Amino acid sequence: MAEFLSTKPYKGSRDFYPEEMRSREWMFSTMSRVVESFGFERYDAPLIEPLEIYLRKTSEEIVNQQIYSFLDRGERKVAIRPEMTPSVARMVARRFSELVKPLRWYSIPNLWRYEQPSRGRLREHWQLNCDIFGAQDEFLADIEILLLAINLLKAFGANQEHFRLKLSHRQILNQVLYELLSLPPESWLPIGRIIDKKDKITVAEFEDLLQKEGLDREQIKTLFSYLEEKEDFLERHAQWSSAHYLLRILKFLEDMGVRPYIDYDPAIVRGFDYYTGIVFEVYDRHPENRRSLFGGGRYDELTGAFSKEKVNAVGFGMGDVTLEDFLKTHGLWQTFPRKTELFMALFGEEELIVHSQKLAQKLRDHGFCVEMSLNSARLGRQFEEAHRKEIPLVLVIGSEEYKAGLVLVKDLNTGEQRRFSEEELLRYLKERQKNLK
RNA sequence: GUGGUCGUAGCUCAGCUGGUAGAGCACAGGAUUGUGGCUCCUGCGGUCGCGGGUUCGAUCCCCGUCGAUCACCCCA
């Protein structure tokens, strides 16, 4: 008894059948269109990298548990990329001196993480990465990244009812912890993680966690005023350059008319340690999908791992899985018919087939997509095939048409059919194409 | 990693307190050999995830296991 192999894709990964691929291409090409309209250029890097480039910035635990890593045949420790940022930092560092700054670079890599798949989170996903490196004026770069993030979602048809960009600044939090709470830098990270959780837990639980971290009543009270008084708190501490900076960003975004998309949210921290300035997360506002869609921030130290020269950098990564969930949740997801517009039906005689093939080639040379039938036996089957493939036009050259130098065209949407000479056919097809656009 | 839910035809699912399975869709053929959709007829299709237990008898109850999925943990 034959045991068949499983047809399922590997856990946490997906097959993309042609109809799904069409939607994916729409998603990716929309991304490309928008970021390129801001002057971004596309790059790519290898799927496999030396393991060590991920060790520097992430904790051991994550590397061990969430990275696909192995020894290659030369006993080198390598990893399948779990994120793109170290790769792009490596590329920037390598050619740092010759690259014309600032760089606006983007990529749409597939990334792998070894983890338990769940809603919005798979083992393989694609992620739009947009980064600006080496801007003279970091403020302008930060603004541009925020505007780009908003424009991307708008390009998919989303508006301020659908999402909100929650913005914060790492330095402000650090200053609160250091200057107001007098906490040493070692405790910033665990407290940051607790603050990150704030919206998911109750106030009592939140206070409890902070107490366990060693905060007293007074410190917790101060922290609450930072978290809850928001802009008022920033105004009161405008002598801090970070607070002043964020207020300036918010003002600028207001002047740009995108303030309705932005919330200043001091509870946004983000997991990575390497953020040094603004941090943000874009949230779905739908009650059934209240989750972080994507996020990013400023990370000025990262290229320092690869060279003496540090390049300031700001960027974000937008995953395809969460974006797809978001678009579907709001009815913004799109599906597309196949591109092929012409189906050439065939009769059995070789002479007719050769003639049909020649015409098909001529039409292709004029830019049309023509699918040849691979079934010359039954015309009904061939029409059925074209219909089921959603190809709108069927061409037929039978012996009658052949003798008369004509070609029959049937429009499957209307049911109408006409006979044309080849020149008339070309004119007809071009006219039709124009009307569709 | 922890917990919940679910595994029945290629797909989506039904199957009553336990009596060895059904629908729709899909697929194949025909009504219709130079014309698709609609309709009708016929057919193909199942170790009821796997292993064990209880029982005269298990798709159904129990245990285990594997898989899927959701939530949590963790976290882009």
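In this text the structure is predicted, and so the values were computed from the model without any measurement. Chain naming here is simple, since letters A, B, ... match the order of the sequence lines and numbering starts at 1 in each.
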In whole angstrom, give the distance that lies between atom [atom1] of [X] and atom [atom2] of [N].
X: A:Asn375; N: B:rU33; atom1: CG; atom2: P; value: 14 Å
X: A:Glu384; N: B:rG37; atom1: CD; atom2: C1'; value: 9 Å
X: A:Glu349; N: B:rG34; atom1: CD; atom2: C1'; value: 11 Å
X: A:Glu385; N: B:rU35; atom1: CD; atom2: P; value: 17 Å
X: A:Glu416; N: B:rG36; atom1: CD; atom2: C1'; value: 15 Å
X: A:Leu393; N: B:rG36; atom1: CG; atom2: P; value: 17 Å
X: A:Ile194; N: B:rC75; atom1: CD1; atom2: P; value: 12 Å
X: A:Glu115; N: B:rC73; atom1: CD; atom2: P; value: 14 Å

Qualifying residue, where the test is ring-ring contact (aromatic ring centres under 6.0 Å, His included) with A:His169 and the options are A:Tyr264, A:Tyr275, A:Phe280, A:Tyr245: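 Result for ring-ring contact (aromatic ring centres under 6.0 Å, His included) with A:His169: A:Tyr245.
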Establish whether the base of [N] is bridged to the side chain of [X] by a donor-acceptor pair shorter than 3.5 Å.
X: A:Glu390; N: B:rG36; answer: no
X: A:Gln417; N: B:rU35; answer: yes
X: A:Lys410; N: B:rG36; answer: yes

Is [X] salt-bridged to [Y], cutoff N-O under 4.0 Å?
X: A:Glu424; Y: A:Arg419; result: no
X: A:Glu416; Y: A:Lys410; result: no
X: A:Glu431; Y: A:Arg427; result: no

Which whole number of Å gives the distance between the [atom1] atom of [N] and that of [M]?
N: B:rC6; M: B:rC74; atom1: P; answer: 28 Å
N: B:rU32; M: B:rG37; atom1: C1'; answer: 14 Å
N: B:rG15; M: B:rG24; atom1: C1'; answer: 15 Å

Hey, does [X] reach any base, or is it just sugar-phosphate, or nothing, if we go heavy atoms under 4.0 Å?
X: A:Gln382; result: nothing
X: A:Gly380; result: sugar-phosphate
X: A:Leu346; result: nothing
X: A:Thr322; result: nothing

Contact under 4.0 Å: A:Arg378 side-chain N or O vs B:rU35 OP1/OP2: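 No, outside the criterion.
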Any A:Arg121 side-chain nitrogen or oxygen under 4.0 Å from OP1 or OP2 of B:rC73: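 For B:rC73, neither OP1 nor OP2 has a side-chain N or O of A:Arg121 closer than 4.0 Å.
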Let me check I have this right: for RNA chain B, each base becomes ., (, ), [, ] or |, based on Watson-Crick or G-U pairs with both distances under 3.5 Å. What is the full string? (((((((..((((.....[..)))).(((((.......))))).....(((((..]....))))))))))))....
For the residue pair A:His162 and A:Phe326, categorise the inter-ring angle as parallel (less than 30°), tilted (30 to 60°) or perpendicular (more than 60°).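 Taking A:Phe326 first and then A:His162, their aromatic rings stand perpendicular (interplane angle over 60°).
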Verify, without hydrogens or angle tests, whether A:Ser37 (side chain) and A:Val34 (backbone) share a donor-acceptor contact under 3.5 angstrom.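 Confirmed, A:Ser37 side chain pairs with A:Val34 backbone.
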Short side-chain to backbone donor-acceptor contact, A:Ser356 and A:Leu352, under 3.5 Å: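 Checking the backbone N and O of A:Leu352 against the side chain of A:Ser356, a donor-acceptor pair under 3.5 Å is found.
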Candidate nucleotides B:rG36, B:rG34, B:rA68, ranked by approach to the side chain of A:His387 - the nearest: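 Looking only at side-chain atoms, A:His387 lies closest to B:rG36.
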Where do A:Ala135 and A:Ala141 come nearest, in terms of heavy atoms and distance?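 Closest heavy-atom pair between A:Ala135 and A:Ala141: CB-CB, 3.6 Å.
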